[in-house]
Amino acid sequence: MALTMQVEERTLFRRFDLNFALVVLALNLVGLINLYSATHGLQAVGLSRLFINQIMWLTIAWGVYITLTFIEYQILYRVAYLIYLINVVFLVLVALIGRVSYGARRWIDLGPIPYQPSETMKIALVIVLARYLAGKSKPEGLGVRDLLWPLTLLAIPFLLTARQPDLGTAIMQLAVVGTMLLFVRVRRRILVICALIVAVALPVAWSFGLKEYQKQRVLTFLEPGKDPRGAGYNSIQSKIAVGSGRFLGKGFRKGTQSQLEFLPERHTDFIFSVLSEEHGFVGSLTTVGLFCVLLLMGTGIASQARDKFGALLVVGILSYIFWHMFINVGMVTGILPIVGVPLPLLSYGGSGMLTTMVGLGIVSSVSFRKFLF
């Protein structure tokens with residue numbers, strides 16, 4: 001009996017994707033080290049509260065990650081629409097009773113814990129779309145009728161999130177859904193029509209859809225020096241921080257832009273700027289390289305998934321990680337407009353950290369069962 005239990009434990013350990021978990025842990029450690037430096041001497045919020053809070057969130061997140069690994073991911077197939085509906089309800093509650101911060105209504109206070117439903121909605125969208133698309137298999141690609149339901153599922157949270165206003169998170173929802181639809185293939189003529197619609201809609205959205213501060217972000221991206229002390233300040237300070245790090249960086253807690261508090265929101269949206277300034281090109285490339293390894297390993301897991309639902313879950317979560325990383329790095333280096341998208345596993349934030357680790361836990365669950373044929 002004891003020998004049988006030992007064999008089962010060894011089998012479970014071999015099925016656990018340790019390499020994938022170690023890459024995630026490496027990014028967590030980079031994030032903690034960087035966050036400690038970014039919050040050093042931050043008088044307004046206090047070092048101990050931010051840093052210790054992040055350790056607390058990481059501890060909970062790893063518990064969730066390991067738990068999800070051992071739970072059969074097919075359960076998500078059965079409760080996909082329930083998860084989606086619950087998140088929609090919370091988004092509606094945000095509009096009604098949400099807490100206002102920095103001019104936006106994005107959070108609900110669950111006792112002492114602030115909760116941002118638009119973050120968890122990204123994972124909810126991945127799960128519900130994976131369920132729907134798992135039953136769609138057409139060699140010629142999805143047609144208009146096939147796309148009506150996925151686009152409806154996207155439209156509800158997209159409009160509720162954009163209304164908060166949180167255009168960055170709404171764009172992320174759109175990017176994740178778009179990636180999943182492209183993965184299962186969409187007919188070419190539909191893609192052409194969509195491109196034409198976007199081209200026509202952009203001027204209309206600029207004139208009637210975007211708020212003034214959102215327009216200002218785009219104009220600042222095109223010409224940041226036009227208002228260096230106002231709208232262009234964040235972009236300029238971020239690029240100074242990134243460029244001043246040069247090849248090897250200024251050293252841990254020696255970045256002038258971050259330590260002297262020139263760099264805004266350096267513990268959240270601009271955490272990569274802190275890393276670039278203190279650890280230079282080498283540190284930045286290493287961090288981006290870790291993300292690339294994570295994405296490549298995830299691609300391998302998707303290709304070995306035992307069913308289409310599992311593969312779609314992994315693809316959706318990988319797209320969530322990729323687009324966050326791409327937009328955040330592009331934003332802080334000045335090649336994309338500033339839209340307030342955090343860097344997964346590095347930026348401070350409980351809702352974002354838990355959401356990311358839930359997604360990665362689902363990927364680990366798919367990997368854990370890739371040998372069960």
Side-chain angles (χ1 to χ4, degrees), residues 1-29 31-32 54-84 86-87 113 115 119-131 133-134 176 180 290-291 293-321 344-345 350-373:
M1 183 70 177
L3 181 61
T4 303
M5 291 180 64
Q6 288 179 359
V7 171
E8 289 178 354
E9 288 175 359
R10 289 174 185 173
T11 303
L12 287 174
F13 184 77
R14 284 199 300 268
R15 281 166 48 194
F16 182 78
D17 199 332
L18 183 60
N19 291 332
F20 185 79
L22 287 174
V23 176
V24 176
L25 180 61
L27 284 165
N28 287 152
L29 293 175
L32 281 177
Q54 191 76 338
I55 293 175
M56 179 192 71
W57 285 118
L58 263 178
T59 303
I60 297 171
W62 270 101
V64 171
Y65 177 96
I66 293 170
T67 301
L68 285 172
T69 298
F70 293 103
I71 292 177
E72 171 59 65
Y73 67 86
Q74 279 292 337
I75 293 174
L76 297 175
Y77 186 92
R78 297 193 288 271
V79 298
Y81 284 102
L82 177 62
I83 293 172
Y84 174 82
I86 290 171
N87 276 269
I113 301 173
Y115 166 53
E119 282 293 329
T120 54
M121 176 52 78
K122 298 169 191 172
I123 300 297
L125 276 171
V126 169
I127 295 170
V128 75
L129 281 174
R131 169 174 175 150
L133 296 173
V176 169
M180 293 182 71
L290 283 171
F291 274 110
V293 171
L294 186 74
L295 294 171
L296 286 172
M297 293 178 74
T299 303
I301 292 170
S303 67
Q304 296 175 341
R306 67 178 181 179
D307 53 34
K308 191 174 180 181
F309 176 66
L312 284 165
L313 283 175
V314 176
V315 168
I317 292 158
L318 290 181
S319 68
Y320 165 86
I321 300 291
L345 303 174
S351 295
M353 178 62 71
L354 276 177
T355 301
T356 303
M357 292 297 286
V358 164
L360 292 171
I362 294 171
V363 174
S364 182
S365 177
V366 175
S367 177
F368 188 80
R369 287 156 185 83
K370 65 185 177 183
F371 300 113
L372 299 181
F373 288 98

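Keep in mind that what you see is a predicted model, and the values were worked out from it rather than measured. Reckoned from all heavy atoms, side chains included, excluding hydrogens, waters and symmetry mates.
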**Message:** So L312 and L129, do their side chains get closer than 4.5 Å, heavy atoms only?
**Reply:** no

**Request:** Mind listing the closest non-hydrogen atom pair of L354 and W57 along with its distance?
**Result:** CD1-CZ3, 3.3 Å

**Message:** Are D17 and F368 packed together at the side-chain level, in the sense that at least one heavy-atom pair is separated by less than 4.5 angstrom?
**Reply:** no

**Request:** Evaluate side chain to side chain contact (heavy atoms under 4.5 Å, CB included) for V23 paired with N19, printing each intermediate quantity in order.
**Result:** CA-CA 6 Å; V23 176; N19 291 332; 5.8 Å; no

**Prompt:** Can I362 and I317 be said to form a side chain to side chain contact (heavy atoms under 4.5 Å, CB included), step by step?
**Reply:** CA-CA 8 Å; I362 294 171; I317 292 158; 3.8 Å; yes

**Complete:** CD1 of I301 to CG of L313, rounded to nearest 0.5 Å, is 12.0 Å

**Message:** Could you report the tightest heavy-atom contact between M357 and L345, atom names first, then the distance?
**Reply:** SD-CD2, 3.8 Å

**Item:** Criterion side-chain hydrogen bond (donor to acceptor under 3.5 Å, both in side chains) on D307 and Y73, from CA distance to verdict
**Value:** CA-CA 11 Å; D307 53 34; Y73 67 86; 3.0 Å; yes

**Request:** Specify the closest pair of heavy atoms between A134 and K308, including all atoms of both residues, with the distance to one decimal.
**Result:** O-CD, 3.6 Å

**Prompt:** Could you give the distance from OG1 (T299) to CD (Q304), rounded to the nearest 0.5 Å?
**Reply:** 11.0 Å

**Request:** Kindly compute the distance separating CG (N87) from NZ (K122), expressed to the nearest 0.5 Å.
**Result:** 12.0 Å

**Request:** List the atom of L68, the atom of S365, and the distance in Å for their closest heavy-atom pair.
**Result:** O-CB, 3.2 Å

**Request:** Compare all side-chain heavy atoms of L58 with those of L32 and state whether any distance is below 4.5 angstrom.
**Result:** yes

**Asked** Can you tell me how far OG1 of T69 sits from CZ of F20, rounded to the nearest 0.5 angstrom?
**Response** 9.0 Å

**Asked** Using 30° and 60° as the class limits, which term best fits the ring planes of Y65 and F16: parallel, tilted or perpendicular?
**Response** perpendicular

**Asked** Considering all heavy atoms of both residues, which atom of G310 and which atom of A305 are nearest to each other, and what is their separation?
**Response** C-CB, 4.0 Å

**Prompt:** Is it the case that T355 and Y320 place a side-chain donor and acceptor less than 3.5 Å from each other?
**Reply:** no

**Prompt:** Quick one: does V176's side chain get under 4.5 Å of V126's, heavy atoms only?
**Reply:** yes

**Prompt:** Would Y77 and I127 count as a side chain to side chain contact (heavy atoms under 4.5 Å, CB included) if you check the C-alpha gap in whole Å, the side-chain angles of each, and the deciding distance to 0.1 Å?
**Reply:** CA-CA 7 Å; Y77 186 92; I127 295 170; over 6 Å; no

**Fill in**
Between V314 and A302 the two heavy atoms that sit nearest each other are CG1-CB, 3.7 Å

**Item:** Inter-residue atom distance I83.CD1 - T120.OG1, 0.5 Å rounding
**Value:** 10.5 Å

**Prompt:** Atom CG in L295, atom CG in L290: separation rounded to 0.5 Å?
**Reply:** 11.0 Å

**Asked** Quick one: are N28 and M353 in side-chain contact, heavy atoms under 4.5 Å?
**Response** yes

**Request:** Kindly indicate whether the side chain of R306, heavy atoms from C-beta on, has any atom under 4.5 Å from the side chain of Q74.
**Result:** yes

**Request:** Measure the shortest side-chain to side-chain distance between L360 and L294 over non-hydrogen atoms and say whether it is less than 4.5 angstrom.
**Result:** yes

